[in-house]
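Down below is the structure, laid out as structure tokens.
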Amino acid sequence: MKIIKQSINLLLGFLILSIGSLTAQVEVQEKEKDLRPVRSTFESIWLIDHQTVMVPFKGTLEMDIQHRFGDIDNGFEDLFGLYAPSKIRFGFVYVPIDKLQIGAGLTSVRLHWDFHLKYALVKQARSGGSPVSVSYLGNIAVDTRDGDNFIEFSDRLSFFNQLMIARKFSDKLSLQVAGNVSHTNFPNRIANEETGAEDLLKSTHLSFSVMGRYKITDGITFLFNYDHPITDHGIDQIEPKSNLAFGIENVTSSHAFQIFIGKHRYMIPQLNQTLNNEITGGDTFVVGFNMTRLWNF
């Protein structure tokens, strides 16, 4: 009987020590986890022609100025497009609640008014949580030009939907991939100089994008962006071409400035994705810049 009692006491002691050890391990593991979102996957909501997964803090108001110069092909005749006719967009962004960004802008091209919302679905954790950030972006643009091209108001509308997935690999390197769906209610007609006819693009266009940044110094960051079309429109000259862009970014606590060179020349994403072709200039590069100013309320 005495042996049985001793055995029971030893067993209870072992269980108590085991439970204590397990509890301590769980506590250590919990301490090692840091589910807070990583900071500054990107320095701005913009990366050249695209938005990033970033949504500013609640109460942030941002003003955007985006500028695209002319083609660089003419060399010194127009100083590599800097003196050529330019395209400009003025926009504002506001964050009314956590994770939700809304915005609007006016572009000189086709006098487009655009409205967008972006929502941060998932945020990358510092450790032990989600390994990536995921955001959704949707926009609607209204072509406000005068003329008889449009029969119904709905003919003036175009749309863009994008699902973005990004990861901050280190303090220096962040990458983002995105799937894109562009749709135009009124099909884009492109004049074909060879046939004299007007070729029609399909109303819906699919594409994907890859972009990233690498911090060279605390104040200077290298940016790159690549876009590739998926939809085949059936006519070589109007097939959207791939886009390659790269540039430099400088950021302060309230400003961001990006200067870059790339093949996209618009600031409405559905136009960039569908009209980057041989006829409209998809083989040439343009210089552009983005400037942002932040206020927090």
Side-chain angles (χ1 to χ4, degrees), residues 41-42 44-55 66 68 101 103 114 116-124 130-141 158-169 173-185 187-188 190 201-214 221-247 249 258 260-286 288 290:
T41 302
F42 296 98
S44 170
I45 68 169
W46 292 101
L47 196 156
I48 304 181
D49 296 308
H50 285 281
Q51 292 206 34
T52 67
V53 293
M54 300 297 294
V55 173
Q66 297 166 277
R68 304 294 183 269
Q101 165 190 312
D114 65 273
H116 79 263
L117 65 82
K118 181 168 63 176
Y119 190 77
L121 299 168
V122 178
K123 292 188 177 183
Q124 179 183 342
S130 173
V132 296
S133 296
V134 181
S135 293
Y136 164 77
L137 171 73
N139 95 354
I140 179 172
S158 61
F159 308 87
F160 182 74
N161 292 274
Q162 184 178 60
L163 187 65
M164 299 169 274
I165 302 173
R167 176 170 173 79
K168 182 179 181 180
F169 290 91
L173 177 65
S174 297
L175 297 176
Q176 176 174 306
V177 296
N180 315 311
V181 181
S182 306
H183 180 83
T184 304
N185 279 355
N188 285 296
I190 299 178
L201 288 164
K202 293 179 180 178
S203 294
T204 301
H205 177 78
L206 305 180
S207 60
F208 70 86
S209 306
V210 181
M211 63 206 77
R213 64 98 189 236
Y214 185 83
T221 301
F222 172 76
L223 307 175
F224 77 91
N225 169 216
Y226 176 75
D227 299 278
H228 191 79
I230 298 174
T231 300
D232 184 353
H233 293 265
I235 303 174
D236 288 342
Q237 281 194 309
I238 67 171
E239 290 296 339
K241 295 180 176 293
S242 299
N243 168 59
L244 177 65
F246 50 90
E249 177 184 53
Q258 302 173 355
F260 47 83
I261 184 170
K263 292 186 176 182
H264 279 169
R265 59 205 58 237
Y266 305 108
M267 286 140 294
I268 304 295
Q270 49 267 52
L271 294 188
N272 275 333
Q273 297 300 321
T274 57
L275 297 182
N276 191 50
N277 55 54
E278 181 179 332
I279 296 175
T280 57
D283 289 325
T284 61
F285 285 89
V286 299
N290 298 331

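Not measured: the values here are computed from a predicted model.
In this structure, the side chain of Gln270 does not engage the main chain of Ser182 through any donor-acceptor pair within 3.5 Å. Within the 3.5 Å criterion, the main-chain N or O of Ser207 finds no donor-acceptor partner in the side chain of Gln273. Remark: the backbone N or O of Arg68 is not paired with any side-chain donor or acceptor of Arg265 at under 3.5 angstrom. Between the side chain of Ser174 and the backbone N or O of Thr41, at least one donor-acceptor pair lies under 3.5 Å. Using a distance-only test at 3.5 Å, with no hydrogens or angles considered, no donor-acceptor pair links the side chain of Asn180 to the main chain of Gln162.
Using a 4.5 Å heavy-atom cutoff, the side chains of Ile45 and His50 are not in contact.
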Passes side-chain contact (heavy atoms from CB on, under 4.5 Å), Asp49 versus Asn225? Steps please.
CA-CA 8 Å; Asp49 296 308; Asn225 169 216; 4.0 Å; yes

With side chain to side chain donor-acceptor pair (under 3.5 Å) as the criterion, how do His205 and Thr274 come out once you've worked through the C-alpha distance, each side chain's angles and the decisive distance to 0.1 Å?
CA-CA 7 Å; His205 177 78; Thr274 57; over 6 Å; no

Determine, step by step, whether Asn276 and Tyr266 satisfy the side chain to side chain donor-acceptor pair (under 3.5 Å) criterion, reporting the C-alpha distance in whole Å, the side-chain angles of both residues, the deciding distance to 0.1 Å, and the verdict.
CA-CA 9 Å; Asn276 191 50; Tyr266 305 108; over 6 Å; no

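Checked options Leu175, Ile165, Val177; the residue passing with Val132 is Ile165 (criterion: side-chain contact (heavy atoms from CB on, under 4.5 Å)).
In this structure, His116 has no ring pair (Phe, Tyr, Trp, His ring centres under 6.0 Å) partners at least two apart in sequence or on a different chain. Annotation: ring pair (Phe, Tyr, Trp, His ring centres under 6.0 Å) contacts of Tyr119 (sequence neighbours excluded): none.
The number of heavy atoms from other shown groups lying within 6.0 Å of OH (Tyr214) does not exceed 12.
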